[in-house]
Undergrad: 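My structure is below; once you've seen it, I'll send some questions.
Note that the structure is predicted; figures quoted are calculated from it, not measured.
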Amino acid sequence: MAYKGYMIDLDGTVYRGRERIPEAKAFIERLQAKAIPFLFLTNNTTKSPAAVCRNLADNHDIHATPDQVYTPSLATAAWIQAQNNGDATGKSVYVIGELGLKQALLDIGLRFNDVDPDYVVVGLDYDVTYHKFELATLAIQRGAKFIGTNADTNLPNERGHVPGAGSVIALVERSTQQKAFYIGKPEAIIMEQGLRRMGLKKQDVVMVGDNYNTDILAGINAGIDQLLVYSGISTKAQVRAEAVQPTHSVDSLADWEV
């Protein structure tokens, strides 16, 4: 089937940590050659879109622009803005996360507050500590809105499947006895915002990813077709057991015609 646009996961789909996936590079280049719009829709909140593009170029020889990258950091900032009639100035946030997440929230006018913030946003943090968990827990207990960037329990890289943001968020969920409000895949929120960024309709786009529980469920939840590639997290045995099957699946992106 010919699609007018592609939403494409990164970790496990386009690369595995620093390990290249040559078929993915060729797939992106086929899209570029045919001028087919694409958006890298990643659950990685640690990097800004510009940093994601630098990583793609420097480590994988894949060339894109920051406006072709959409992250839960940007989606979280957009959601908070929407909750405040487009102006979050004057609101405050406590963040467990890396620079990519913090910068996106600063960019919309939020100020950092570790005592009584309006929002607590938790994402992947490579230097997470007990003290950070303590501050987040207490702020949520005081009434802050608890937002989780994404529910990925693991991330595939060259060493294996390491802990993801969902594992960090789960500790705060346990300590507060409260479930986070999730923004990233598999939630429909980030998919709908991605569609707006692309200027396309649901029926014109396909979501490409390696993880049934995030990428594929995101497409299912948003009513967008899905293409599962077996290059990362999900295995054929696991996917066969699911009640809802992906729209399409391939062993490699080399097997997909654009």
Undergrad: Any side-chain heavy atom of L74 within less than 4.5 Å of one from P49?
TA: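 Yes, close enough: below the 4.5 Å cut-off.
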
Undergrad: What closest approach, in Å, do A77 and I108 show between heavy atoms, and which atom pair accounts for it?
TA: O-CD1, 3.4 Å

Undergrad: With side chains defined as the heavy atoms from C-beta onward, is the minimum distance between V69 and L39 less than 4.5 Å?
TA: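 No, their side chains stay 4.5 Å or more apart.
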
Undergrad: Could you pull out every donor-acceptor pair under 3.5 Å between side chains of residues 196-208 and any protein atom, sequence neighbours left out?
TA:
from : atom 1 : to   : atom 2 : distance (Å)
R197 : NH1    : D67  : O      : 3.2
K202 : NZ     : A222 : O      : 3.0

Undergrad: Sort out for me which residue in M7, Q226, K185 forms a side chain to side chain contact (heavy atoms under 4.5 Å, CB included) with D215.
TA: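 It is K185, the one option of M7, Q226, K185 that forms the side chain to side chain contact (heavy atoms under 4.5 Å, CB included) with D215.
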
Undergrad: With rounding to the nearest 0.5 Å, note down the distance linking CD1 in I224 to CE in M191.
TA: 4.0 Å

Undergrad: Side-chain contact test, heavy atoms from C-beta onward, threshold under 4.5 Å: evaluate it for L124 versus T149 and give yes or no.
TA: no

Undergrad: State, without any angle test, whether Y230 and D210 hold a side-chain donor-acceptor pair at a distance under 3.5 Å.
TA: no

Undergrad: Does one hydrophobic cluster hold both I147 and I190, with members joined at side-chain heavy-atom distances below 4.5 Å?
TA: no

Undergrad: Identify the two heavy atoms, one from P22 and one from R20, that lie closest to each other, and give their separation to 0.1 Å.
TA: CD-O, 3.6 Å

Undergrad: Could you walk me through whether Q178 and I140 pass the side-chain contact (heavy atoms from CB on, under 4.5 Å) test, one step at a time?
TA: CA-CA 9 Å; Q178 187 179 145; I140 293 165; 3.4 Å; yes

Undergrad: Does any non-hydrogen side-chain atom of F146 lie less than 4.5 Å from one of I169?
TA: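 I169 vs F146: side chains touch.
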
Undergrad: D125 vs K132, test: salt bridge (charged side-chain N to carboxylate O under 4.0 Å, His left out). Steps then yes/no.
TA: CA-CA 10 Å; D125 186 331; K132 291 180 182 180; 2.9 Å; yes

Undergrad: Between I62 and L227, is there shared hydrophobic-cluster membership here, with clusters defined by ILVMFWY side-chain heavy atoms closer than 4.5 Å?
TA: yes

Undergrad: The test is side-chain contact (heavy atoms from CB on, under 4.5 Å); show your working for F40 and T71 and say whether it passes.
TA: CA-CA 8 Å; F40 287 123; T71 69; over 6 Å; no

Undergrad: Please report the shortest heavy-atom distance between G148 and A180, naming the atom on each side.
TA: N-CB, 3.7 Å

Undergrad: For a quick check under 3.5 Å, do T137 and E134 share a side-chain donor-acceptor pair by atom type?
TA: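 No pair is found: no donor N or O on one side chain lies under 3.5 Å from an acceptor on the other.
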
Undergrad: Where does the angle between the aromatic ring planes of W256 and Y6 fall among parallel (under 30°), tilted (30 to 60°) and perpendicular (over 60°)?
TA: perpendicular

Undergrad: Linking I/L/V/M/F/W/Y whenever their side-chain heavy atoms sit closer than 4.5 Å, directly or via other members, would V128 and Y130 fall into one cluster?
TA: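 V128 and Y130: separate clusters.
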
Undergrad: Quick one: do I28 and I21 end up in the same hydrophobic cluster if we chain Ile, Leu, Val, Met, Phe, Trp and Tyr together by side-chain heavy atoms under 4.5 Å apart?
TA: no

Undergrad: How about CZ on R142, more than 12 heavy atoms from neighbouring residues, nucleotides or ligands closer than 6.0 Å, or not?
TA: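 Result for CZ/R142: enclosed.
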
Undergrad: Which atom pairs, one a donor and one an acceptor, fall under 3.5 Å between side chains of residues 82-95 and the rest of the protein, sequence neighbours left out?
TA:
from : atom 1 : to   : atom 2 : distance (Å)
N84  : ND2    : I80  : O      : 2.8
N84  : ND2    : Y119 : OH     : 3.0
D87  : OD1    : T89  : N      : 3.0
D87  : OD1    : T89  : OG1    : 2.7
S92  : OG     : N113 : ND2    : 3.3
S92  : OG     : D118 : N      : 3.4

Undergrad: Would you sort out whether E98 and K102 count as a salt bridge (charged side-chain N to carboxylate O under 4.0 Å, His left out), showing the intermediate values?
TA: CA-CA 6 Å; E98 297 285 326; K102 291 177 179 178; over 6 Å; no

Undergrad: Can you spot which of Q238, E242, Q245 makes a side chain to side chain contact (heavy atoms under 4.5 Å, CB included) with Y212?
TA: E242

Undergrad: For the atom pair CG (L99) and OG1 (T46), what is the distance rounded to the nearest 0.5 Å?
TA: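 Going from CG on L99 over to OG1 on T46, the span is 9.5 Å.
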
Undergrad: Measure the CD1-CG distance between I233 and D9 for me, rounded to the nearest 0.5 Å.
TA: 9.5 Å

Undergrad: Kindly say whether P186 contributes a backbone atom to a donor-acceptor pair with the side chain of N221 at under 3.5 angstrom?
TA: yes

Undergrad: Run the numbers on Q193 and Y70 for side-chain hydrogen bond (donor to acceptor under 3.5 Å, both in side chains), then give the verdict.
TA: CA-CA 9 Å; Q193 291 182 358; Y70 201 70; 2.7 Å; yes

Undergrad: N43 versus T214: any side-chain heavy-atom pair under 4.5 Å?
TA: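 N43 vs T214: side chains touch.
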
Undergrad: Out of curiosity, L228 CG to K236 NZ, how far, rounded to the nearest 0.5 Å?
TA: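 These two atoms lie 10.0 Å from each other.
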
Undergrad: To the nearest 0.5 Å, what is the distance between OG1 (T247) and CD1 (I216)?
TA: 7.5 Å

Undergrad: Has S167 got a side-chain atom pairing as donor or acceptor with T153's backbone, closer than 3.5 angstrom?
TA: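 Checking the backbone N and O of T153 against the side chain of S167, a donor-acceptor pair under 3.5 Å is found.
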
Undergrad: When rounded to the nearest 0.5 angstrom, what distance separates CG in D152 from NE2 in H161?
TA: 11.5 Å

Undergrad: Give me the atom names and distance for the closest heavy-atom approach of T13 to L253.
TA: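 The answer is O-CD1, 4.1 Å.
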
Undergrad: Can you name the closest pair of heavy atoms from G12 and S231 and give their distance?
TA: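 The pair with the smallest heavy-atom distance is O-OG, 2.7 Å.
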
Undergrad: Taking side chain as C-beta onward, heavy atoms only, is F27 less than 4.5 Å from V258?
TA: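 In short, these two side chains touch, coming nearer than 4.5 Å.
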
Undergrad: Any heavy-atom pair between the side chains of E173 and V122 that's under 4.5 Å?
TA: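 Contact flag for V122/E173 side chains = no.
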
Undergrad: Is any side-chain heavy atom of L105 closer than 4.5 Å to one of S73?
TA: no

Undergrad: Any donor-acceptor pair under 3.5 Å linking the side-chain atoms of H63 with those of D61?
TA: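 Present: a donor and an acceptor within the cut-off.
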
Undergrad: Grouping I, L, V, M, F, W and Y whenever their side-chain heavy atoms are under 4.5 Å apart, do V172 and L138 come out in a common cluster?
TA: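 Result: no, two separate clusters.
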
Undergrad: Could you walk me through whether T45 and N150 pass the side-chain contact (heavy atoms from CB on, under 4.5 Å) check?
TA: CA-CA 9 Å; T45 59; N150 59 286; 4.1 Å; yes

Undergrad: Provide the closest heavy-atom pair for V239 versus S234 in the form atom of the first, atom of the second, distance.
TA: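 In this case the closest contact between V239 and S234 is CG2-CB, 4.0 Å.
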
